[in-house]
Amino acid sequence: MKILVINAGSSSLKYQLFDMEKGEVMSKGGCERIGAGGSITHKVPGQENYSMDVDLPTHDEALQLVFSLLTDKVHGVISGIDEISAVGHRVAHGGEKYTKSSRVDKELIDYLETIVPINPLHGPPAILGMRACLRLLPNVPQVAVFDTSFYSEIEDYRYIYALPYEYYTEDKIRRYGFHGTSHRYVSQKTAEVLGKDIKDLKMITCHLGNGSSITAVDGGKAIDTSMGFTPQEGIAMGTRSGSIDPTIIPYIMKKRNISPDEMSDVLNKKSGLLGITGLSNDFRNCLAAAQSGNKRAELALKILANGIKKHIGAYAAEMNGLDVLVFTAGIGENQSEIRRMTCENMEWLGIEIDNDKNDNFTRGVPFDITKEGSKVKVMIVPTDEEYMIALDTQSLVK
Ligand code: AMP
């Protein structure tokens, strides 16, 4: 079975074609600048990458180009588009209704339209991608996999904010949680690698990338997570502030005479590592600056590590224990320094890492960095959201 996974952004469209029998990626790539010029990069394992600039007015043209490259005599990997058995779509937000991966139909798209006000950035492009696929592949089953659905079983006292209750009932203000597909994948993969039944494990999964979130996974179910109504809540990120005292917002808006949109821009795009250092949102640059003595960069790393540590402590308390701590995504998988800083002085909780293993880890595979005798296992587990989407798609269309 061949499954195409689509991740549509407002001006981009990423894709991966999986051969599910082999569990392999046959091809992947992405279109950029849709609606404002256009380009595509198409990759096939073992071949040179193929890139070109091409006019892509809408997501329809982008998808058509993807299909023609996938079936191209030189760059293609399948003989015809009818070899694609199903399409899986990455969808950030399923609202309160879509608590599981689901077949894409009119009812699903209509519902997603109704929640665009609470998902204004990611909702419209995901809908565009699904509509384009339905138009171009009308006979191929399509599945939507939601980042929020992993959190659908969180208890109400963990998802309701202490605000007037009607903000929840009327305005849908609640914790939804994001990055769920990644947390779900790495928690399942970790249990598999450890040879344990996930039902017996209390885990904390740290997805640390440009966007970062931490999830408590008890017996395979997410019971709490750091991201909230939007992906803004939680720990400091590349450009997002994470949680702050909410009163700072009206105070700064009045003092600096800035609008809600401008404030939102500051919180989303000008804060986090970038805001603190004034240098970069990229962890690598911040680390290099800190190592050459930049005090604000040092401070940014400490703020990030301390935020992760606080969530680990809180989630261990919520779960009444901890068996495995998992690091994933760009920073979590690649940056030994943040893992070291986070796990420092956590012996009381049973967390001890082997510094040598942490520094000399193997990239791209699950890797155990636990110190001998540590009560809690500490693992680096590469995430693979696209494969998780493909697996869900496969099980729904089978
Ligand atoms: P992500 O959003 O998961 O792509 O992660 C982006 C962050 O991960 C950036 O802050 C990068 O500094 C960091 N990162 C990604 N890849 C690497 C790598 N190979 N080595 C070190 N840091 C990396």
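Both counts, for ligands and for their atoms, begin at 1 and track the order of listing.
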Can you tell me how far OG of Ser241 sits from CG of Leu267, rounded to the nearest 0.5 angstrom?
-> 4.5 Å

What atoms of ligand 1 come within less than 4.0 Å of a heavy atom belonging to Asn210?
-> 1 (P), 2 (O), 5 (O), 6 (C)

Region of Glu333 that comes within reach of ligand 1 [heavy atoms, distance under 4.0 Å] = neither

Please identify which atoms of ligand 1 are closer than 4.0 Å to at least one heavy atom of Arg363.
-> 19 (N), 20 (N)

Could any protein non-hydrogen atom be found less than 4.0 Å from atom 5 (O) of ligand 1?
-> yes

What about Gly330: any of its N or O atoms under 3.5 Å from an N or O on ligand 1?
-> yes

Under 4.0 Å from one or more heavy atoms of Ile331, ligand 1 contributes atoms 7 (C), 8 (O), 10 (O), 13 (C)

Would you say ligand 1 has an N or O under 3.5 Å from any N or O of His207?
-> no

Restricting to heavy atoms, the pick from Asp282, Thr328, Leu208 nearest atom 12 (O) of ligand 1 would be Asp282

Below 4.0 angstrom from a heavy atom of Gly209, which ligand 1 atoms are there? Numbered from 1 as shown, please.
-> 1 (P), 2 (O), 3 (O), 5 (O)

Going through the distances and angles, do Lys202 and Glu318 end up as a salt bridge (charged side-chain N to carboxylate O under 4.0 Å, His left out)?
-> CA-CA 10 Å; Lys202 293 178 194 292; Glu318 283 193 282; over 6 Å; no

Can you say whether the rings of Tyr50 and His42 are parallel (under 30°), tilted (30 to 60°) or perpendicular (over 60°)?
-> perpendicular

So, Glu166 and Thr169: side-chain donor and acceptor under 3.5 Å apart, yes or no?
-> no

Mind checking whether Tyr111 and Leu396 sit in one hydrophobic cluster, side chains of I, L, V, M, F, W, Y counted as touching below 4.5 Å?
-> no

For this output row, return yes or no: ring centroids of His183 and Phe150 closer than 6.0 angstrom.
-> no

Under 3.5 Å, is there a donor-acceptor pair between the Thr181 and Asp147 side chains?
-> yes

Heavy-atom nearest neighbour in the protein, as seen from atom 16 (N) of ligand 1, with distance rounded to 0.1 Å | Asn334 ND2, 3.4 Å

Here the atoms of ligand 1 under 4.0 Å from any heavy atom belonging to Gln335 are 21 (C), 22 (N)

Would you confirm whether His89, through its side chain, and Val91, through its main-chain N or O, come within 3.5 Å as a donor-acceptor pair?
-> no

Among protein heavy atoms, which lies nearest atom 10 (O) of ligand 1, and at what distance?
-> Phe283 N, 2.9 Å

